[in-house]
Amino acid sequence: MAGALIAAFGGFASFNLTLSALPAYAVRSGAGPAGAGALTATLMATTLVVQPVTPWLFARIGRRHSLALSGVLFGLPCPVLPAVSALPALTALAAVRGLGFGVFVVAGVTFTAELFPPGARGRAIGWYGAVVGVSGVLGAPAGIALARERAYPLVFVLATATAALVVAGAFCFPRAAAPAPAPAPEPGHRRTLRATGRALRPMTGPLLVEAASTTAYGVVFTFLPLTASAAPGALLAAQVSTVLSRLGAGWLIDRYGARRVLAPAVLLTALGTAAGAAPHEPVLLLAGTALFGAGFGAVQSATLVLALQAAGDHPAGLGVAGVAWNVAFDGGTGVGSLAGGPVLSHGGPAALFPAAAVVLAVFLLFDRWVTRRPDTGKCTSLPGD
């Protein structure tokens, strides 16, 4: 578990540093808000492309080497970024980083899920998510603050160094930390596609809620720094509350079930997202982003546990759930970053942030309509709970 936590901290610290600084760097280079969003969207798009083949990669070269490769791909472009200002070159480097990030995020989720039994999985995922949140507490505000000082070379040096922790964490894993997921079959196999479809069907509602929540995340973390002077403090509040929420939500999920945690978490996230419509009201913005973080952290844990429950407690199923959940996470982040630029350009913050909140609320209603049954997949509590 130590290797997973070291790698998680390093990878997500690097991600948050660049996520919060690159939009301003792109705008300064003349790309505008749409170009700034395109960088994040490109990273997320290449992340999505590589994720379906990660189970094959894990089986082919092993967990340690797969995770180490992800850190190399994610970190190597960072030292080049200070010498690049043209949008096509920035986009190409973002694409390379996206390949590494895609392997990295699937590895973190699936390795953690496989190391713990269902009754303790909520808390294990909570601890993993808390470390991810701590990396955001440090990385996102630091990226914004350094960008405002135009200290972009320092941002990219720090992003390189933190990405190197992914490689270090990879080699903290034992050689046989957990059974490898089944290799990915050859594409185009109809029976495999039908089997994958059947496996994904029970996860549809939680995965759509996850995608909607990360659409809001992409909007908040890409565009709040461009619209609000209080953005560093607001994003810090969001990250701190996310850390606390991941820890608390993990306990609640193991005790009461992920389904009961999901709805209030989504509502908090939507309210916090809508607060971005008031960029010149620092108190309201800080309170809103704290709500956003509290809800968002719980949504991440609840949707992941629901997806794992739907997949079944075996390596192949956990691998499918890990890939699908990460596709939802990264796809939503990319959609929020890409679609948010034009909405911000035409309607401003008053249109962008409430629209993201409405999308999230709609997908929660859809999930409730799809399930219409109690949370029968509730995790079993451990003795002494």
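We count residues from 1, following the sequence as given.
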**Message:** So which atom in Ala294 and which in Ser245 form the shortest heavy-atom distance, rounded to 0.1 Å?
**Reply:** O-OG, 2.5 Å
**Complete:** Rounded to the nearest 0.5 Å, the CG atom of Leu39 sits from the CG atom of Leu93 at a distance of 9.5 Å
**Message:** Is there a side-chain contact between Gln51 and Val105 in this structure, where contact means two heavy atoms from C-beta onward sitting under 4.5 Å apart?
**Reply:** yes
**Item:** Phe74 side chain reached by Val166 side chain, heavy atoms, under 4.5 Å
**Value:** no
**Asked** Going only through I, L, V, M, F, W and Y residues with side-chain contacts under 4.5 Å, is there a path from Val323 to Trp56?
**Response** yes
**Prompt:** About how many Å separate CG of Leu22 and CG of Leu81, when rounded to the nearest 0.5 Å?
**Reply:** 6.0 Å
**Message:** Go through it in stages, so that I can follow the logic: the residues are Arg260 and Arg255, the test is side chain to side chain contact (heavy atoms under 4.5 Å, CB included), and I'd like the CA-CA distance, side-chain angles, deciding distance and then a yes or no.
**Reply:** CA-CA 10 Å; Arg260 293 182 184 178; Arg255 173 70 68 173; over 6 Å; no
**Message:** With a 4.5 Å cut-off on side-chain heavy-atom distances among I, L, V, M, F, W and Y, is there a chain of contacts connecting Leu48 to Leu73?
**Reply:** yes
**Listed once per pair and sorted, the side-chain hydrogen bond (donor to acceptor under 3.5 Å, both in side chains) pairs that draw on residues 289-306, sequence neighbours left out** = Glu210-Gln300, Glu210-Thr303, Ser213-Gln300, Arg246-Ser301, Thr303-Trp325
**Request:** Measure across Ser66 and Ile61 and return the closest heavy-atom pair with its distance rounded to 0.1 Å.
**Result:** OG-CG1, 3.3 Å
**Message:** Looking at every non-hydrogen atom in both residues, tell me the closest pair between Ala147 and Ala24 and how far apart they are.
**Reply:** CB-CB, 4.2 Å
**Request:** Could you list the residues that satisfy side chain to side chain contact (heavy atoms under 4.5 Å, CB included) with Ala164, not counting sequence neighbours?
**Result:** none
**Message:** Taking the side chain as everything from C-beta on, heavy atoms only, tell me whether Leu146 gets closer than 4.5 Å to Leu158.
**Reply:** yes
**Message:** Quick one, Leu235 and Pro225 - any side-chain contact, counting heavy atoms below 4.5 Å?
**Reply:** yes
**Complete:** Applying ring-ring contact (aromatic ring centres under 6.0 Å, His included) to Phe15 and not counting sequence neighbours gives Phe101
Side-chain donor-acceptor pairs of residues 134-141 under 3.5 Å, sequence neighbours excluded:
unit_1 : atom_1 : unit_2 : atom_2 : d
Ser135 : OG     : Val132 : O      : 2.4

**Item:** Sequence neighbours excluded - side-chain hydrogen bond (donor to acceptor under 3.5 Å, both in side chains) pairs with any residue from residues 158-171
**Value:** none
**Message:** For a side chain to side chain contact (heavy atoms under 4.5 Å, CB included) check, start with the C-alpha distance between Val103 and Leu57, then their side-chain angles and the critical distance, and finish with the verdict.
**Reply:** CA-CA 9 Å; Val103 176; Leu57 183 68; 3.9 Å; yes
**Request:** For the residue pair Tyr25 and Leu90, establish whether any side-chain heavy-atom pair is separated by less than 4.5 Å.
**Result:** yes
**Asked** Under 4.5 Å between side-chain heavy atoms, hopping through other hydrophobics if needed: is there a path connecting Val209 to Leu291?
**Response** no
**Qualifying residues under side chain to side chain contact (heavy atoms under 4.5 Å, CB included), relative to Ala95, sequence neighbours excluded** = Thr42, Thr46
**Message:** So His65 and Arg60, do their side chains get closer than 4.5 Å, heavy atoms only?
**Reply:** no
**Asked** Looking at the rings of Phe104 and Phe12, which for Trp means the six-membered one, are their centres under 6.0 Å apart?
**Response** yes
**Item:** Closest approach of Leu67 to Ala107 (non-hydrogen atoms, all atoms of both residues)
**Value:** CD1-CB, 3.9 Å
**Request:** Check whether any side-chain heavy atom of Thr222 lies under 4.5 Å from a side-chain heavy atom of Leu19, and answer yes or no.
**Result:** yes
**Asked** Got Asn16 and Gln239 here, is their nearest side-chain heavy-atom distance under 4.5 Å?
**Response** yes
**Item:** Approximate separation, where rounding is to 0.5 Å, of Leu247 CG and Thr242 OG1
**Value:** 11.0 Å
**Request:** Would you please name every residue forming a side-chain hydrogen bond (donor to acceptor under 3.5 Å, both in side chains) with Thr54, sequence neighbours left out?
**Result:** none
**Item:** Qualifying residues under ring-ring contact (aromatic ring centres under 6.0 Å, His included), relative to Phe363, sequence neighbours excluded
**Value:** none
**Request:** Can you measure from CG (Leu338) to OG1 (Thr333) and round to the nearest 0.5 angstrom?
**Result:** 12.5 Å
**Prompt:** Under 4.5 Å between side-chain heavy atoms, hopping through other hydrophobics if needed: is there a path connecting Leu76 to Val167?
**Reply:** yes
**Asked** For Val358, what are the other residues in its hydrophobic cluster, where any two members join if their side-chain heavy atoms are less than 4.5 angstrom apart?
**Response** Val362
**Item:** Closest approach of Pro349 to Pro354 (non-hydrogen atoms, all atoms of both residues)
**Value:** O-CD, 3.5 Å
**Request:** Determine, using the 4.5 Å side-chain heavy-atom cutoff (strictly less than), whether Leu344 and Leu224 are members of one ILVMFWY cluster.
**Result:** yes
**Prompt:** Which pairs pass side-chain hydrogen bond (donor to acceptor under 3.5 Å, both in side chains) with one or both residues in residues 68-80, sequence neighbours excluded?
**Reply:** none
**Prompt:** What side-chain hydrogen bond (donor to acceptor under 3.5 Å, both in side chains) pairs are there with at least one residue in residues 88-99, not counting sequence neighbours?
**Reply:** Ser14-Arg97, Thr18-Arg97
I'd like a table of donor-acceptor pairs (distance under 3.5 Å, sequence neighbours excluded) in which one partner is a side-chain atom from residues 265-284, with atom names and distances.
unit_1 : atom_1 : unit_2 : atom_2 : d
Thr269 : OG1    : Ala265 : O      : 2.8
Thr269 : OG1    : Gly295 : O      : 3.3
Thr269 : OG1    : Phe296 : N      : 3.0
Thr273 : OG1    : Thr269 : O      : 2.8

**Item:** Shortest non-hydrogen separation from Val219 to Ala356 and the atoms involved
**Value:** CG2-CB, 4.2 Å
**Message:** Check this for me: Arg148, atom CZ, are more than 12 non-hydrogen atoms of other residues, nucleotides or ligands nearer than 6.0 Å?
**Reply:** yes
**Request:** Apply the test side chain to side chain contact (heavy atoms under 4.5 Å, CB included) to residues Asp367 and Arg259: give CA-CA distance (whole Å), side-chain angles for both, the deciding distance (0.1 Å), then the verdict.
**Result:** CA-CA 10 Å; Asp367 173 61; Arg259 181 66 58 191; 2.6 Å; yes
